[in-house]
Each structure stands twice: as C-alpha cells, then as structure tokens.
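Worksheet for the structure shown next.
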Amino acid sequence: MAYYCSFKPLLLFLFFLIATTQGIDSITTHLHFFLHENYNSPNATSITVINSTTSNPGDFGSIGIFDDEIREGSSVDSKLIGRAQGIAPGVSLRQTTWLVLLNFVFTEGEYNGSSLTVVGRATLEGTSERSIIGGTGKFRMARGYTINTFLIRGGPAVHLIAEYDAYIVH
Ligand SMILES: *[C@@H]1O[C@H](CO)[C@@H](O)[C@H](O)[C@H]1NC(C)=O
Ligand SMILES: *[C@@H]1O[C@H](CO)[C@@H](O)[C@H](O)[C@H]1NC(C)=O
Ligand SMILES: *[C@@H]1O[C@H](CO)[C@@H](O)[C@H](O)[C@H]1NC(C)=O
C-alpha cells in the first residue's frame with residue numbers, strides 16, 4: 001500500500017504532463033498574399049483623418065485609417081481573400097514611420113472568418129517586419145511575424161501594393 005501511495009503523485013504528474021503537451025500542440029502556417037491600398041477617392045481604402053501639425057519631414061502626429069484589400073496576387077483583379085483594417089499614426093520626428101495596428105480579416109477558403117492581429121513599425125523603404133500578437137478562429141493563440149515589401153507606391157493613379165509573408169504559430 002505504501003508502495004502504491006508513493007507512486008500516485010508521479011502517475012498524476014505524468015498524466016498532467018501528457019495532457020498539457022497535447023494541449024499546446026501548435027503548427028506553423030505560412031501565408032503569402034498582397035495588400036492593395038487605394039488612396040484615391042472616390043473608392044479610397046485609406047484616409048488621413050488628422051494631418052501632421054508640425055513641420056517634421058515624417059508626417060509626425062498624422063493619423064491614417066485603412067480598410068485595404070488582401071488579394072492572392074499583385075494584380076488588382078486577382079482573387080480577393082480578405083481585408084486589412086487598421087490605424088497608422090505617424091510616430092517619427094525624423095523620417096516617415098508609422099506605428100501600424102491592424103487586423104487581417106480573411107474571407108475566403110480555409111481561413112474564412114479567421115483573423116490575425118499585427119502590430120509594428122512601417123516605413124516606405126525596404127522591408128518591414130512586424131509582430132503577430134494574436135488571432136481568432138483557426139488562428140486562436142497565434143504568435144509570429146510578418147515580412148512585407150512595397151512593390152508599387154506613389155503617383156496619383158497608382159495603388160499602393162505590398163507583398164506579405166506571414167509566419168504564424170497557432
Ligand atoms: C468606384 O467603385 C464603383 C463601385 O464598385 C465603380 O463602379 C467605380 O468605377 C469606381 N470608381 C473608380 C474611380 O474606381
Ligand atoms: C490633410 O492634408 C491634405 C493635403 O494637404 C488635404 O487634402 C486633406 O484634406 C487634409 N486632411 C485633413 C483631415 O485635414
Ligand atoms: C465565409 O464565411 C461567411 C460566414 O460564415 C459565409 O457567409 C461566406 O459564404 C463564406 N465565404 C466563402 C467564400 O466560403
């Protein structure tokens with residue numbers, strides 16, 4: 001009997017260890033998509049709600065709101081798979097830099113109804129990396145990062161198009 005009792009805590013511990021390990025099984029998903037932003041009225045997907053009140057070169061203090069399209073490809077008529085909805089205040093005194101807070105909301109395929117919440121820094125130069133801090137639906141408990149590069153920007157008739165890779169542990 002003493003023998004049995006001394007092993008009971010160990011058995012319980014092993015049971016909880018197995019249960020916990022199974023509970024935190026996670027997978028890594030890689031998504032590749034393109035963000036399309038149209039800043040031309042009448043169908044703009046992005047607006048500036050507050051202009052900078054300073055003369056700093058970086059749009060310091062401005063606030064933009066966007067409801068951009070996420071498409072499978074870089075072409076404007078490629079398949080729409082969701083929206084990128086968020087806010088981007090200008091936060092640098094020295095260069096054009098935004099603090100971006102956004103949700104990628106997927107509306108097609110396997111991830112229809114799921115979303116990712118992303119926070120991070122955006123500049124117009126080079127490649128930006130941002131943190132995935134959470135998600136919903138298939139992406140509950142998500143962690144990870146996104147890498148994005150602008151393909152096209154500027155010009156009154158041109159959309160802003162950015163290529164995204166998202167690496168999601170969920
Ligand atoms: C704006 O969107 C409407 C509805 O989709 C479309 O008919 C119109 O051609 C668009 N206008 C421009 C300038 O893209
Ligand atoms: C911000 O500035 C732009 C360009 O000068 C102007 O077109 C726009 O109306 C301004 N927006 C606001 C919210 O003041
Ligand atoms: C995505 O999900 C919504 C809500 O469940 C549904 O109405 C819609 O038809 C779905 N779209 C596709 C393409 O499956």
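Every number for a ligand or one of its atoms is a count from 1 in the order of the listing.
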Determine whether Val105 and Val118 fall in the same hydrophobic cluster, where Ile, Leu, Val, Met, Phe, Trp and Tyr are linked whenever their side-chain heavy atoms lie under 4.5 Å apart.
no

Inset, instruction - Output, in order, the C-alpha distance, side-chain angles, deciding distance and verdict of side chain to side chain contact (heavy atoms under 4.5 Å, CB included) for Asn148 and Arg130. - result: CA-CA 9 Å; Asn148 75 279; Arg130 294 180 209 144; 3.4 Å; yes

Query raised in the report: N/O to N/O below 3.5 Å, does that happen between Asn51 and ligand 2?
Result: yes

State whether the shortest distance between N or O atoms of Asn112 and N or O atoms of ligand 3 falls below 3.5 angstrom. yes

- Query: For atom 9 (O) of ligand 1, is the nearest protein heavy atom under 4.0 Å away?
  - Reply: no

- request: Answer with yes or no whether the side chains of Gln85 and Asn103 bring together a donor and an acceptor at under 3.5 Å.
  value: no

**OP:** Measure from atom 4 (C) of ligand 2 to the protein's non-hydrogen atoms and state whether any distance is below 4.0 Å.
**Re:** no

Minimal heavy-atom distance between Phe66 and Ala84, with the atoms involved, is CD1-O, 3.3 Å

* Are Phe139 and Tyr111 close enough, and set up right, to give a ring-ring contact (aromatic ring centres under 6.0 Å, His included), and what steps lead you there? -> CA-CA 8 Å; Phe139 295 129; Tyr111 302 109; 4.7 Å; yes

Closest to atom 2 (O) of ligand 1 among protein heavy atoms sits Asn43 ND2, 2.2 Å

the protein heavy atom lying closest to atom 13 (C) of ligand 3 turns out to be Glu108 OE2, 3.3 Å

For Pro42, the ligand 1 atoms with a heavy-atom partner under 4.0 Å come out as 13 (C)

### Query
Going hydrophobic residue to hydrophobic residue with side-chain gaps under 4.5 angstrom, can you get from Phe150 over to Tyr164?
yes

Near Val49 (heavy-atom distance under 4.0 Å), the atoms of ligand 2 are 13 (C)

Numbered in order shown, the ligand 2 atoms found under 4.0 Å of a heavy atom of Thr48 are 13 (C)

Nearest heavy-atom approach of His36 to Gly73 is NE2-O, 3.0 Å

